[in-house]
Undergrad: 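Before we start, here is the structure in question, set down as structure tokens.
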Amino acid sequence: MIKKKLLLLGITVSMLLLSADVAAQHPHDGHYRPDTTALKRTQRLGEVVVRGKYVDRVNKSAYNAVAIDTRKLRNTNLDLAHALDRVAGIKIREEGGVGSAVQLNLNGFTGQHVKVFLDGMPMDNSNTSFGLNNIPAGFASQLQVYKGVVPVDFGGDAIGGVINIVTDHSPRTYVDASYSYGSFNTHRSNIALGWTGKRGLVVRFNAYQNYSDNDYKVKTQWTDLSNSTISNEEGWFRRFHDRYHNEAVVLQAGLVNKSWANKLLFGLQYTHEYAQVQNANLMKIVFGGKLRKNWGLTPSLLYEKRNLFTQGLNLRLSARYDYTTTNNVDTLSRTYSWTGQWIPKASQGEGATSLAEFTGKTLTAVANLTYRIGDQHFFTLNETYINFHRHTTDNSANRAMTSAATFMRRINIKDITGLSYQFIPNTEWNATAFVKYYDTHVTGPVNVSQTTRAQYEEQQRHSQALGFGAAGTWTPWRDLQVKLSYERALRLPSERELFGDGDYEEGDAVLMPEKSNNVNLNFNYEHTFADAHTIVAELGLNYRNIQDYIIRTINAKGVAVSTNHGHVLGEGFDAAVHYLYKDIFTIGGNYSMQNMRNRERYNANGALSVTFNNRVPNLPYAFGNMDASYTLKHVFGKYNKLTIGYDMRYVHRFYRSWSGDGAKLYVPEQYSHDANLTYSIYGGRYNISIEANNFTNSLLYDNYSLQKPGRNFAIKFRYSLSK
């Protein structure tokens, strides 16, 4: 396989050198020019309106992709995760209030199936303080969403899709600051500064913080401390141990528009997080002293050079080093009830006793080389290398409470090479073919015991695989675009699935990579009439045939376990339609259904499986959104405007475990309603927003009935200046 990889690189270099000779005879500026008529078109998602050349190139590509202009959301309290919740086919799944863990459900794939990137760099092992659920919408200028088939430019191992956070790299000077206060003593603030000098010197600074007591009421079973049994009935209790706060600072400085570099940027990121842990993965298991602390430091480098050596040959090099430390604390000898009362416990720790401190070190490097011959032929070579090491601090407290496996090495090395060729004969259609090579090395503790008593030894595993695919798009007439894409994709197990989190996530270092055949068929329609009315509609059909599917389940102690299940088949669709009247009024919605079913006919004993053809449990399979907004202009001033917005979200009920195993517990059908009011003064320089979320006070759940906040309110103040 190594010889094949060298041969692939050799062929690519030869193609690039040959292309350089051809390009010398056909000079160009190195930039693809799309159909100019497309530049006038817009794609709208609720209140999110995306315009312009760069965004249009994403929306009009052969991939099932959409770009979201998050700048339109900077007056809201939304973080990036909840901004994505408005996109057709995406369902955000969170485990509680501010700072709680978040997973993306994208066309039936969830969790680690969907990879997150920051300006094209994988964020696999960044600090949780720098996650989608914490980053404010104002941090990014755009969000790119690729559903299913993923371009080689993103050198990750996603099989469900990719979320790419695009930050503002425009050469301007700006300041943007905001503060909000909301229910449950929630405080959020963000400040962004940018400056570009005449000689190309660039400095950018971004900082944000989130704080909340998260003391909302929940309805759950509770422990009767008089006999240490869990009640069969549910009661209402206020969360009493769920305080959360995090802080992040991102600094970037460098040079732009030099003869030897279009960009040379150095970055430094600091993050910190403190989280009290109120409950396990099951609500009925409650804690009163358990907590998690972590911090991280990340230096980074970005170098870009267009027209390297010859016209049309572009190079992009980026690297980052994530150093993170996580401390899980669980030492109280107590058993708590949801009433906040407790009784002494004979053993130490409320759950899994821990003082463990984990240090994670991740080096990520990406090299991207693109070349263009004329106006029709484009080549891309991408190399992504990720080297993860995790070490458990060796102290006497840990050694007394944990096994030798705790201190074994945990290493995960991924090396992914991608090569693609794109043919663009005209503005009506284009096609892309690509190949991806995966190479991975995993070192970690493996249970080799043949009895019920665990016995671990350190083992190493090396695997290689080849993926490939193609994508094409056709515009039969101006208002309609058809896309078709296929990929034989692989998804390598994540560090959390392989090694756990040292707390309530159990790892398995022998997990196999997932393999999937993905097919997408999409129809996008947009028509404007009378220069005032616009209809935007999209329909996406998808097919997923997955082997060695990794499924996450929760045992009776509330511990999450990831295992290779076998064969899973997914078929689904998502549809969206919006109507817009100028930039004054918009209304629309989307609906998604994903039928993910177990196709493993026999169980481990060779008998017919009782769960054959069951839907994959704990996975929403039908959900939708609806939104509307109306803008009044020149309200108490020529440059002032008032916007009223409404959002509704719906999730159909779904089982928490396999229905064939006699499942009776399910996450119920849910509706939630949000409203917002934004007043912008002096062209958006001064802004004030008021939000009412879940104003009907509905019971909202996600993973294993983990309850989310009820009715809550927030007010936000924002100042923005740019030149």
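Everything quoted here is computed from the prediction, not taken from an experiment.
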Undergrad: Partners of Phe423 by side-chain contact (heavy atoms from CB on, under 4.5 Å), sequence neighbours excluded?
TA: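 Phe423 satisfies side-chain contact (heavy atoms from CB on, under 4.5 Å) with Gln376, His377, Tyr421, Pro425, Trp429 once adjacent residues are dropped.
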Undergrad: Can you tell if the side chain of Leu511 reaches within under 4.5 Å of the side chain of Ser562, non-hydrogen atoms only?
TA: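 Yes, their side chains come closer than 4.5 Å.
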Undergrad: Who are the ring-ring contact (aromatic ring centres under 6.0 Å, His included) partners of Phe139, not counting sequence neighbours?
TA: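 Phe130.
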Undergrad: Drop me the distance from Thr362's OG1 to Asn387's CG, to the nearest 0.5 angstrom.
TA: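 Answer rounded to 0.5 Å: 8.0 Å.
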Undergrad: Given 3.5 Å as the limit, does a donor-acceptor pair link the side chain of Arg390 with the main chain of Phe499, or not?
TA: yes
Undergrad: With Gln144, which of Val66, Val166, Ile165 fulfils side chain to side chain contact (heavy atoms under 4.5 Å, CB included)?
TA: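 Among Val66, Val166, Ile165, the one that satisfies the side chain to side chain contact (heavy atoms under 4.5 Å, CB included) with Gln144 is Val166.
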Undergrad: Return yes if a side-chain donor-acceptor contact under 3.5 Å exists between Asp322 and Gln269, otherwise no.
TA: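 Note: Asp322 and Gln269 side chains miss the donor-acceptor criterion.
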Undergrad: Tell me yes or no: between the side chains of His567 and Asn545, is some donor less than 3.5 Å from an acceptor?
TA: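 There is such a pair (donor and acceptor under 3.5 Å, judged by atom type) between the side chains of His567 and Asn545.
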Undergrad: Is there a side-chain hydrogen bond (donor to acceptor under 3.5 Å, both in side chains) between Asp153 and Asn382? Walk through the geometry before answering.
TA: CA-CA 6 Å; Asp153 302 79; Asn382 192 90; over 6 Å; no
Undergrad: Are Lys414 and Asp439 close enough, and set up right, to give a salt bridge (Lys or Arg N to Asp or Glu O under 4.0 Å), and what steps lead you there?
TA: CA-CA 6 Å; Lys414 303 177 184 179; Asp439 186 62; over 6 Å; no
Undergrad: Rounded to the nearest 0.5 Å, what separation is found between the CD atom of Glu94 and the CG atom of Leu104?
TA: 11.0 Å
Undergrad: Kindly determine whether Arg599 and Asn613 satisfy side-chain contact (heavy atoms from CB on, under 4.5 Å), including the steps that lead there.
TA: CA-CA 6 Å; Arg599 300 302 295 174; Asn613 210 36; 2.7 Å; yes
Undergrad: Just by modelled atom types, is the Pro620 backbone N or O under 3.5 Å from a matching donor or acceptor in the Asn105 side chain?
TA: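 Checked: pair present.
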Undergrad: I'd like to check the ring-ring contact (aromatic ring centres under 6.0 Å, His included) partners of Tyr385; sequence neighbours left out, ordered by chain and number.
TA: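 Tyr385 satisfies ring-ring contact (aromatic ring centres under 6.0 Å, His included) with no other residue.
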Undergrad: Given side-chain hydrogen bond (donor to acceptor under 3.5 Å, both in side chains), test Asn327 with Glu357 step by step and report yes or no.
TA: CA-CA 4 Å; Asn327 186 202; Glu357 184 176 89; 4.9 Å; no
Undergrad: Starting from the C-alpha separation in whole Å, work towards a yes-or-no answer on side-chain contact (heavy atoms from CB on, under 4.5 Å) for His462 and Thr440.
TA: CA-CA 6 Å; His462 176 217; Thr440 180; 5.7 Å; no
Undergrad: Using the rule given for salt bridge (Lys or Arg N to Asp or Glu O under 4.0 Å), can you reason through Glu571 versus Arg544, listing the C-alpha separation, both sets of side-chain angles and the distance that settles it, and then say yes or no?
TA: CA-CA 6 Å; Glu571 299 169 319; Arg544 316 280 187 244; over 6 Å; no
Undergrad: In the structure I gave you, are the side-chain heavy atoms of Met596 and Val568 within less than 4.5 Å of one another anywhere?
TA: yes
Undergrad: How long is the span from the OH atom in Tyr437 to the CG atom in Leu466, to the nearest 0.5 Å?
TA: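 CG of Leu466 is found 8.5 Å from OH of Tyr437.
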Undergrad: Look at the side chain of Asn246 and the backbone N and O of His272, then say whether any donor-acceptor pair between them is shorter than 3.5 Å.
TA: no
Undergrad: Measure from the side-chain N and O atoms of Asn603 to the backbone N and O of Asn605, and report whether any donor-acceptor pair falls under 3.5 Å.
TA: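 Checking the backbone N and O of Asn605 against the side chain of Asn603, a donor-acceptor pair under 3.5 Å is found.
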Undergrad: Which atom pair, heavy atoms only, marks the closest approach of Ser485 to Ala471?
TA: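 Looking at all heavy atoms of both residues, the shortest contact is CB-CB, 3.7 Å.
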Undergrad: Does one side chain, of Asn614 or Arg597, offer a donor that lies under 3.5 Å from an acceptor on the other?
TA: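 Not at all, the side chains of Asn614 and Arg597 share no donor-acceptor pair under 3.5 Å.
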Undergrad: Keeping Asn518 on the side-chain end and Ile159 on the backbone end, is there a donor-acceptor pair under 3.5 Å?
TA: yes
Undergrad: Any chance you could lay out the side-chain contact (heavy atoms from CB on, under 4.5 Å) test for Tyr321 and Leu297, step after step, and finish with the verdict?
TA: CA-CA 8 Å; Tyr321 182 77; Leu297 192 65; over 6 Å; no
Undergrad: Taking Asp330 for its side chain and Gly351 for its backbone only, find out whether a donor-acceptor pair lies under 3.5 Å.
TA: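 Yes.
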Undergrad: For Phe117, what residues pass the ring-ring contact (aromatic ring centres under 6.0 Å, His included) criterion, not counting sequence neighbours?
TA: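 Once residues adjacent in sequence are excluded, the partners of Phe117 under the ring-ring contact (aromatic ring centres under 6.0 Å, His included) criterion are Phe154.
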Undergrad: Could you tell me whether the side chains of Asn595 and Arg615 share a donor-acceptor contact shorter than 3.5 Å?
TA: yes
Undergrad: Side chains of Leu264 and Leu301, heavy atoms from C-beta outward: is any pair under 4.5 Å?
TA: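 Counting from C-beta outward, Leu264 and Leu301 do come under 4.5 Å.
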Undergrad: Who passes side-chain contact (heavy atoms from CB on, under 4.5 Å) against Ser609, sequence neighbours left out?
TA: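 Counting only residues at least two positions away or on another chain, Ser609 forms a side-chain contact (heavy atoms from CB on, under 4.5 Å) with Asn598, Thr611, Phe612.
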Undergrad: Of all the heavy-atom pairs spanning Asp574 and Ser592, show the shortest one and how long it is.
TA: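 Scanning both residues, the minimum pair turns out to be CB-OG, 3.3 Å.
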Undergrad: Determine whether a donor-acceptor pair (N or O, by modelled atom type, separation under 3.5 Å) exists between the side chain of Gln422 and the backbone of Phe378.
TA: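 Here the side-chain-to-backbone pair does not exist.
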Undergrad: As an exercise, state the distance from NZ of Lys305 to CG of Leu317, rounded to the nearest 0.5 Å.
TA: 12.5 Å
Undergrad: Could you check whether His82 and Asp85, counting side-chain N and O atoms only, form a donor-acceptor pair closer than 3.5 Å?
TA: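 Per modelled atom types, Asp85 and His82 side chains form no pair under 3.5 Å.
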Undergrad: Could you walk me through whether Gln459 and Met408 pass side-chain contact (heavy atoms from CB on, under 4.5 Å), step by step?
TA: CA-CA 10 Å; Gln459 292 187 2; Met408 291 181 180; over 6 Å; no
Undergrad: Just by distance, no angles: are the side chains of Asn517 and Tyr486 close enough, under 3.5 Å, to form a donor-acceptor pair?
TA: yes
Undergrad: Side chains of His169 and Thr167: is there a donor and an acceptor less than 3.5 Å apart?
TA: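 Note: His169 and Thr167 side chains meet the donor-acceptor criterion.
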Undergrad: Quick one about Asp79 and Asn133 (side-chain donor to acceptor, distance below 3.5 Å, no hydrogens or angles considered), yes or no?
TA: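 Note: Asn133 and Asp79 side chains miss the donor-acceptor criterion.
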Undergrad: How about NZ on Lys361, more than 12 heavy atoms from neighbouring residues, nucleotides or ligands closer than 6.0 Å, or not?
TA: no
Undergrad: Identify, with sequence neighbours excluded, every residue that meets side-chain contact (heavy atoms from CB on, under 4.5 Å) alongside Ser420.
TA: Val152, Thr380, Thr432, Phe434
Undergrad: Do Pro122 and Thr384 make a side-chain contact, defined as non-hydrogen atoms from C-beta onward lying under 4.5 Å apart?
TA: yes
Undergrad: Is there a donor-acceptor contact under 3.5 Å from the side chain of Arg461 to the main chain of Ala509?
TA: yes
Undergrad: For the residue pair Ala465 and Leu490, what are the closest heavy atoms and their distance?
TA: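 Taking Ala465 first and Leu490 second, the nearest heavy atoms are CB-CD2, 3.2 Å.
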Undergrad: Side chain to side chain contact (heavy atoms under 4.5 Å, CB included) with Ile411: which of Glu458, His391, His389?
TA: His389
Undergrad: Pair Asn542, Gln594 - check side-chain hydrogen bond (donor to acceptor under 3.5 Å, both in side chains), show working.
TA: CA-CA 9 Å; Asn542 59 75; Gln594 189 68 39; 2.9 Å; yes
Undergrad: What is the distance from atom NZ of Lys293 to atom OG1 of Thr325, rounded to the nearest 0.5 Å?
TA: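 Lys293 NZ to Thr325 OG1: 11.5 Å, rounded to 0.5 Å.
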Undergrad: Under 3.5 Å, is there a donor-acceptor pair between the side chain of Arg316 and the main chain of Gly120?
TA: no
Undergrad: State the CZ-OG1 distance between Phe379 and Thr370, to the nearest 0.5 angstrom.
TA: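 Atom-to-atom, Phe379:CZ and Thr370:OG1 are 11.5 Å apart.
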Undergrad: Side chain of Lys515, backbone of Gln547: donor and acceptor closer than 3.5 Å?
TA: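 No: the side chain of Lys515 does not pair with the backbone of Gln547.
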Undergrad: Does a donor on one side chain sit under 3.5 Å from an acceptor on the other, for Tyr549 and Glu600?
TA: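 Tyr549 vs Glu600: no donor-acceptor pair found between side chains.
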